[in-house]
Amino acid sequence: MGQKTQQSHHMVAVTVNEQLGTKRKYKFFPRAWLPKILALWIVLVLFGSRTIYTRLDAVTKERRKEILVSMCDQRARMLQDQFSVSVNHVHALAILISTFHYLKNPSAIDQNTFAEYADRTGFERPLFNGVAYAQKVVNSGREEFERQHGWIIRTMKGEPSPIRDEYAPVIFSQDTVSYIGSLDMMSGEEDRENILRARNTGKAVLTSPFRLLGSHHLGVVLTIPVYRTELSPNPTKEERIQATAGYLGGAFDVESLVENLLSQLAGHQAIVVNVYDVTNSSDPLIMYGNQYEVGDMAPEHVSRLDFGDPYRKHEMMCRYLQKAPTPWSALTTAMLAFVVGFLVGYIIYSAAIHIVKVEDDFHQMQELKVRAEAADVAKSQFLATVSHEIRTPMNGILGMLALLLDTDLSATQKDYAQTAEACGRALVKIINEVLDRAKIEAGKLVLETVPFNLRSILDDVVSLFSEKSRRKGIELAVFVSDNVPEFVMGDPGRFRQVITNLVGNSVKFTEQGHVFVKVHLVEQAKAVVDAKMINCMNGESEGVLGDHQFQTLSGYEAADNQNNWHTFKHLIADEATGYHDSSKVKTDDASQKVSLSVCVEDTGIGIALHAQDRIFTPFMQADSSTSRNYGGTGIGLSISKCLVELMGGQINFISRPKIGSTFSFTVDFRRCEKYAVSDLKKSISDDLPSAFKGFKSILVDAKPVRAAVTRYHLKRLGIQVEIVNSIRIVADLFRKNGSIIPLNERLPDMILVEKDSWMSDEDGCSGLQLLNRKQNGHTYKEPKMILLATNISNGEFDKAKAAGFADTVIVKPLRASMVVACLQQVLGLGKKIPGKDMCKGSTFLRGLLDGKKILVVDDNIVNRRVAAGALKKFGAIVECVESGKAAIKKLELPHSFDACFMDIQMPEMDGFEATRLIRDMEKNANEQWNVGCVNNDEATKRRAWHLPILAMTADVIHATLDKCLESGMDGYVSKPFEEENLYREVSTFFESKPLPDSVV
Amino acid sequence: MEVAQLQKRFLELISTVYQEGFLDDQFVQLQKLQDESNPDFVVEVVSLFFEDSEKLLNNVATALQQPIVDFKQVDAYVHQFKGSSSSIGAQRVKNACGAFRNFCEEKNLDGCLKCLQHVKNEYALVKSKLEYLFMLEQQIVAAGGMIPVIP
């Protein structure tokens, strides 16, 4: 056993580990990855926001650039336009000179005229410092020219000009530039080139920029040729030189031009504008702007300027003055994106962390749960094992004590030994209860569903406590409503356990009064409650009678007045009226449920109010003093509660201290199948004789509830009962009958008198006795007078005898078999022959086993013989073998056995192994058969081999049964055979067949 | 002897046998199994029990005398003995066997030897009672009487 336990513990541990192992596999993702994933995500978000930033920045830069380009181009174009306007004005002046100086003779212009004109038209050329006209003078004409003008030609340096091919002395000059009057423009290298270029092209020609004399602004000199005559449309260079009369020049203040222009435009401060002369591309000459001016160098736009001089190239370069402003919107957008991304990442991260944590917690909890469950299982197992382990040596102790008691002992020794034995038995009982409870808790308790007779179970319980109740002088009574079916399907053992427990408690805690067990249908109870309601409305008084007696069973007050006569009579009335029929109809309904309401009422000490709420808690008694006075563990009620709940009911109670308690519970049973009932009646009915059917009786009892109980018991025997209140009434009745006996009316066969009714009315009784004497003369057999009593003293008995009562007193509590025995004695009806009873009881088994061929396997020859004898008794054909091996040999297929009873413990090969081998054989045979006749119809007709094998075992514990079923057995029977058990097991396999020749 | 006297003695014997617990209900069951078709069932079974028991008791005694006692073997014998005694309803033998098996489990040689003695005694007692019972039965039948029905 110890080994086994260890093994099972080990198994528990293994399963725990396995469970843990499988559960470990599920995992969201590894925890270590999470920070890495988060970091990766942040980097990604960083990149993303950076991309957003660059995109947005690029867009703004592009926009800025576009703006710059358009501004630059606009400025360039305007500058160009302004410039060309100015040039046009100079052109106009040139044409003026050509017209009025050369075509007129004499010339209409002299220096003064020119100066004035130029001055007055100066607004048209605001950017020209001044204009001057230089005449083309060839060297041959120099003298004449000098003479004509009265001055000599000088070079730019103010010296008289040396001799050259050609001169270009200034003859007219605006006042602002009067200092260049008479200077030879061709004396400067650059000017000369300009002049020549202008003459050749006929266009306005510019010098490279230089600082103007007056304003120190940067400027250029614009030179335009003046032709003497009208030129041909496409003049050659020579023609142009020929036609040239002079050159009009002016200093063009580029800086002012640009300055003015820019100041007119919006946003001029925003950009830096430089104008360059890039004729020599490697060395651009600045015309406007500060070359070294700082500014945003990055976006730069260069616009080409065309000032009309093909030789010179100019360009305008624009830059922003200030660096591009920080792109806040892009920056904030990017930042926002980053923050959002980061937050999202973080949220997911923390969610994941949370999930991982929850998962971890879950795993932990699961682990703990598994452990707790394992611990619980271990606890239950431990409890079961320990209890079992205690039981085994206890059996030894009890056995030894029994042996000891058999020996010669002195009175004291005997007393000691008896006490020890009683204590041992009590201990075993407690252990059984603890085991029961452990079993219920472990959910291992499986309720049976077998048909049983409820009334006979109640009779059994009553018989169990009858001795005790008689000794205590309390009345114990059972009443079962007629509407409760005779047979129900359920677990009789457990039902009995609950009832026994409750009745046991009640008897234990009751010193006077009664213990009353009442069973009726739940529906009935409802009907009764309804009736009671109506009564209440009608104003009927309840409970208390005029003479301060309570209308309960014994007259003592009970906690719950549902069993007093006022309520009780409705119940009985229900039965008397159509209720019975209606319940009969219900039998045919689909509802196979029988809900019973059982109540156990006592007039004991009751339960203290403060203890009432923990009365169903295990090991809790109402009071610690309770256990001192009455003993017990207090586990019974908790087991009862569990059992009742298992049976689909509820238990509750009403209790009043010092008055009593009423426990009531409901249970659900199934209705017995109708066809089964007739069979059952033969086998497990409580076997009440029908000899009393049709008897009439008069019951004298002043207490209606008790009378109803007595009537119930008599009715079960088929005896008609008439209840009267006192003996006087009976006497009156007889007196009447005595004079005129109606032929159609039978006299009662017996008169039953309650002891207290008789005691209170002895006179009447004597009258009755007198009457009896009188009756004697008649042909009718006299009614027997029977006394009903809870206890009776010898004196009282003698007195009763004298009063004419029969010898036999029916001592309560009433139960069917006892009543039968007493009545048989009194009425002198034939006793049953013992043994016949047994025959009758086993008819059903006979029906099952008759003609069946059965193999009994047991190594013990005596057991074998007894088992064979028992089975033969039921008509079976029995063969015996002494070992598992022999059994296998016998059961080689095909064989003709219908069943096999197999001992478990056998040397060499035990019952389990033998069964396994037999099942293997059968399996093989079945398979072969199926293969052999796949297409044969016969194959389908034939049933597969499966021999019912029942284990025979002396220790009937659940573990053994499990092992039996595991090894392929179909059930087990106790050894030596018990009829009920045998019947139950065998009936699963064999159909009952009616026995035509059976003697009933 | 007179039939009535024999019958009386028989009844007395039966009642003492039950009262003192030599036999239990199982023996009654056994007797119920005996009928016309199987008139000697009880005697047959009981004599089988005697044969078997003597063999087993010998086996147990030999096993317990071995230098190294195989308690498992002893336990198996006692188990057998317990089974057969329970089958015929020899209650006291059965109880003695129960105690014996406990000692076997403990491997308590002294206890086992004591128990063996006890079991032997019980067996002898029940054997003598049964033999006497059967003898009375035979005598009653021989004297032409009916075997009284056990109440």
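Each chain gets a letter, A, B and so on, in the order the sequences are listed, and its residues count up from 1. What you see is a predicted model, and the numbers here were worked out from it, not measured in a lab.
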Go through the atoms of A:Asp859 and report whether side chain, backbone, both or neither lie under 4.5 Å from a heavy atom of chain B.
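For A:Asp859, heavy atoms of backbone and side chain both lie under 4.5 Å from chain B.
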Determine all donor-acceptor pairs shorter than 3.5 Å in which one atom belongs to a side chain in residues 52-60 of chain B; sequence neighbours excluded.
from, atom 1, to, atom 2, distance (Å)
B:Ser53, OG, B:Phe49, O, 2.5
B:Glu54, OE2, B:Tyr123, OH, 2.7
B:Glu54, OE2, B:Lys127, NZ, 2.8

Please identify each residue that fulfils side chain to side chain contact (heavy atoms under 4.5 Å, CB included) with A:Ile397, with sequence neighbours left out.
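So A:Ile397 forms a side chain to side chain contact (heavy atoms under 4.5 Å, CB included) with A:Met394, A:Leu401.
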By a 4.5 Å heavy-atom criterion (distance strictly below it), what part of B:Glu106 contacts chain A: side chain, backbone, both, or neither?
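Neither part.
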Below 4.5 Å from any heavy atom of chain A, which atoms of B:Glu51 appear? Answer side chain, backbone, both or neither.
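B:Glu51 has no heavy atom closer than 4.5 Å to chain A.
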Any donor-acceptor pair under 3.5 Å linking the side-chain atoms of B:Ser87 with those of A:Asn863?
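Short answer, yes.
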Which heavy-atom pair separates B:Phe81 from B:Cys97 by the least distance, and what is that distance?
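Smallest heavy-atom distance, with atoms named: CD2-SG, 3.5 Å.
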Leading residue by heavy atom contact count with chain B [cutoff under 4.5 Å; candidates A:Ala867, A:Gly869, A:Ala402]
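That would be A:Gly869.
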Could you tell me which of B:Asn95, B:Val46, B:Val45 has the largest number of non-hydrogen atom pairs under 4.5 Å with chain A?
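Among B:Asn95, B:Val46, B:Val45, the one with the most close pairs to chain A is B:Val45.
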Regarding A:Arg425 and A:Glu421, does a basic nitrogen lie under 4.0 Å from an acidic carboxylate oxygen?
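Salt bridge flag = yes for A:Glu421 with A:Arg425.
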